[in-house]
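Report on the following structure.
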Amino acid sequence: MTENTQPPATTGPHSAATELPTQYAPAEVEGPLYERWVERGYFEADAASDKPPYTIVIPPPNVTGTLHLGHAFQHTLMDALTRRKRMQGYEALWLPGMDHAGIATQNKVEQQLADEGKSRHDLGREEFVERVWKWKQEYGGRILGQMRRLGDGVDWSRERFTMDEGLSRAVLTIFKRLFDDGLIYRAERIINWCPRCLTAISDIEVDYQEDAGELVSIRYGEGDDSIVVATTRAETMLGDTAVAVHPEDERYAHLIGKRIKLPLTDRTIPVVADSHVDPEFGTGAVKVTPAHDPNDFAIGQRHDLPSLSVMDERGVITVHGPFEGLDRFEARSAIVAALREQGRIVAEKRPYLHSVGHCSRCKTTVEPRLSMQWWVKVEPLAKAAGDAVRDGRVAIHPPELAKRYFDWVDNMHDWCISRQLWWGHRIPVWYGPDGETVCVGPDEQPPAGEGWTQDQDVLDTWFSSGLWPFSTLGWPENTKDLEKFYPTDVLLTGHDIIFFWVARMMMFGLYAMDGKEPFHTIALTGLVRDEHGKKMSKSNPNSVDPLDWMDAYGADAVRFTLARGANPGADVPIGEDWVQASRNFANKIWNATRFALINGATVEGPLPDAAELSATDRWILSRLNTVVAEADAAYDGYEFAKASDLLFHFAWDEVFDWYVELSKTVFAAGGRPAEVSQRVLGEVLDVTLKLLHPVMPFVTEELWTTLTDGESLVITTWPQDSGYRDEAAEAELATVRKLVTEVRRFRADQGLQPGQRVPATLDLSGTGLAAHEEAVRQLLRLTPAGDGFAATASLPVAGAVVALDLSGAIDFAAERKRLTKDLGLAEKELKQATAKLGNEGFLAKAPAEVVEKIKARKATAEADIDRLTTQLANLPG
RNA sequence: GGGUGCAUAGCUCAGCGGUAGAGCGCCGCCCUUACAAGGCGGAUGUCGGCGGUUCGAACCCGUCUGCACCCACCA
């Protein structure tokens, strides 16, 4: 196909134009462009600048992570925001970094150790942590390279990691402050425990799903003093310390206060009355296991019941007796079997669907467990976090999602922040030989002397990421960065992470920064889904690697597709078809610019006066300014889909399909000065490329730097609506478009081929276009009505009258029928063959010559051509 | 159990009080020298059902049905 893309001879300053290939090749363009941007320091923000700041901190991806479509989506939007603000004259900072991701990273390294037949305990704490750092060095942060590939305009000189020295200092500082303020405390409570990760996890790290269990009803006690309870976790009965019934439940009134025998043990337990019990549910009696169930724990507190732990940290039964050493699930069946043998199982229901908590990291069934942990007292912090949104200091986009935020911050339980891991920020508390507890601040030495030990636990990963908006800027030091760039402007992230991260940044930001909120706007995005709206996840087969798509179609195509799907708060379905469509758009822009360059479009000098402009010019400039205003409004409202769609249609439908096509008649006119059109076309492209740059940075940069003498779009000035409008020109062009479209439709209906010239008379007296008769004739492919002209049809449209001679029209249906018969092909076959080759129209002419012509042009249709050639050769005569 | 959102063309979705839209797909014609990753033309919808408000409803209100998602102490 390259043999017929010979560049036309070139003249003038834009000979580079013709060096542009006919197709956009992202792979060749994107890498070098990104390197150039970084080398020139375009993304490095200057804290000493006079420009107003615009700051976004990236939601730090896990150090273990790779770029998935969700990142690609959010990064595209954040990049678009910062790129646009930079062009608008802000000192724009998009700050990158990564999260140390406690459990995830520790799991990765433990897996590595397991492959070597070792556990972390074989190494010991210090060596293990060293090993994790080594792992990070070697395998961590792959996502950073992938972000470059996407085109993320982040300030690499400010890259941060949550375990950096500076950020660790921030963690210690705030821990100490919270501790001293009494907002951090240690307490024994029921927590969610993962028996595989061997650590506590917070409520939001638990994923609930419907599991099929078995609900058994067990008779406790004997005779009249017996009571039936139901459970799905029979093994916990070993730790029962009471049975609870509703205080007003008459069925059990006689039992309240009595003790009954607990089966399989030699213990007796009391029957207590507690209004938490729902008399309607089951038998209306509940077994109470304070050490293994949060509700039961609460009942235990109210009735002063002992808590009996029956399992160790791995979920293995520790109670002496026949079940000791059994895993919790083995113990469950064993205990049910034993009870059944004693005739104590009075009813079973299996499968019984109920929701069961799983560790969000490893999917292991969570075991509620009584344990000593560190907690943040969130009430005062959460109140402030709620108020900041309530009184409008922080806006949530889209506003509907604010309710979700309030639901959370207004009903937040205390936050369990200690994790029984080695990888993370170690809790800065030391215990003395006589039970003293000392919290050690960042500049303090741990207490000296014998017998002092540091707490073994580390902090929840979200504790350090909650400090991200200011710890990354140097807090607790009073740095220039902090002064310039805090508070940040927009926090853009998925709505699924409101509780994990957003609310915590709000709490910590307001607390640490003296009530100064960490950002003004929370922009919440939906989740990326596949083309049928199904959730994409790493474990799903529908999951797509955005890198594959970037390789195949370019980063801009992926970005544009994502931006175009980004309706505020709504999920984004994405399929390969749409990425292809975006790729096509990039290619379209490429070729339109190529056309402009070949025809000498220029951005030099001022725009010609309105008096010099044609109606077409005035129309497109009027539209251009309208689009600038509309695009601005959409970008400002985080309506990326609207902005993208608007620009897509303006560029393709109006600029490329009409303005450029209409310009051709000017450029082809010959002799007539084309400077005005060259300048206007240059202007329109210049502005359109700028408007698209935030979402399609690569192709726009490549084209713009070719079209203009500018250094880079990244640092150029964002277009402004000049206020220029011309309604008369818009109306006139509407007439032209209507006229042309109607005539084309008529021609198609009559069987005239698109390029076929038809003799016709044209009366434009009713349209105001009389002066442009020649141009209109060209558009409509009308030739002058010569001698002997006989109109066979007359078409009144848009105030004009067109009379045509249709004698040259082809009856396509009849042609097809004839060919089908002649070639001995089934009609369907013919269609398939001709679809790639061309069509019946020209096959009707000279077959040999036609096939020749096609062969030269269509390498991809080789097979079909061969077959058709054979068919044609075998035709008799 | 509580809450939120959604039901519009074959698919995925915009539109949110005034003549039904986009992308992809589909049909027909075409290489007209920027682009076949293209051009031109075309078809397709009782805007989930039923009521109501209005001169006028895909859009507002009520209700029903179906589907998503979020939250919660489902023994």
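Note that the structure is predicted; figures quoted are calculated from it, not measured. All values below were derived from every heavy atom in this structure, side-chain atoms included, with hydrogens, water molecules and symmetry-related copies excluded. The chains referred to below are lettered A, B, ... by the order of the sequence lines, with proteins before strands, and numbering in each begins at 1.
- Remark: C6(B) base-pairs with G66(B); criterion is Watson-Crick or G-U wobble with both hydrogen-bond distances under 3.5 Å.
- For U53(B), there is no paired nucleotide, since no Watson-Crick or G-U wobble pair has both relevant distances below 3.5 Å.
- Among the atoms of the strands shown, base atoms are found under 4.0 Å from some heavy atom of Ser355(A).
- When rounded to the nearest whole Å, the span between NZ of Lys642(A) and C1' of C16(B) equals 11 Å.
- Both the sub-6.0 Å distance and the 45° axial angle are satisfied by Arg564(A) relative to the ring of Phe648(A).
- The heavy-atom pair separating Val243(A) from Ala285(A) by the smallest distance is CG1-CB, 4.2 Å.
- Among the nucleotides A75(B), A37(B), G23(B), the one closest to the side chain of Arg583(A) is A37(B).
- Contact between the side-chain N/O atoms of Trp652(A) and the OP1/OP2 oxygens of G39(B) is found at a separation under 4.0 Å.
- Along RNA chain B, the nucleotide closest to Tyr24(A) and the one closest to Tyr208(A) are compared, and the more 5′ of them pairs with Tyr24(A).
- Taking 4.0 Å as the cut-off between side-chain N and carboxylate O, Asp293(A) and Arg233(A) count as a salt-bridged pair.
- Regarding contacts with the backbone of C40(B), every side-chain N or O of Thr741(A) stays at 4.0 angstrom or more from both OP1 and OP2.
- When both pairing distances are held under 3.5 Å, C29(B) makes a Watson-Crick or G-U pair with G39(B).
- The partner of U19(B) cannot be assigned: no Watson-Crick or G-U wobble pair with both contacts below 3.5 Å exists in any strand.
- Residue contacts for Ser582(A): at a heavy-atom cut-off of 4.0 Å it reaches no nucleic acid atom on any strand shown.
- For the pair Lys588(A) and Tyr24(A), the NZ or CZ position fails the cation-pi test of under 6.0 Å to the six-membered ring centre and within 45 degrees of the ring normal.
- Between Lys403(A) and Ala230(A), it is Lys403(A) whose nearest contact on RNA chain B lies nearer the 5' terminus.
- The side chain of Arg594(A) lies closest to C35(B) when the candidates are A22(B), C70(B), C35(B).
- Look at Arg332(A) and Glu235(A) and you find a salt bridge, because one of the NZ, NE, NH1 or NH2 atoms lies within 4.0 Å of a carboxylate O, short of that distance.
- Residue Ala581(A) is in sugar-phosphate contact alone, with no base atom involved, counting any heavy-atom pair closer than 4.0 Å across all strands shown.
- Proximity of Asn411(A) to the phosphate of C71(B): no side-chain N or O atom is located under 4.0 Å from OP1 or OP2.
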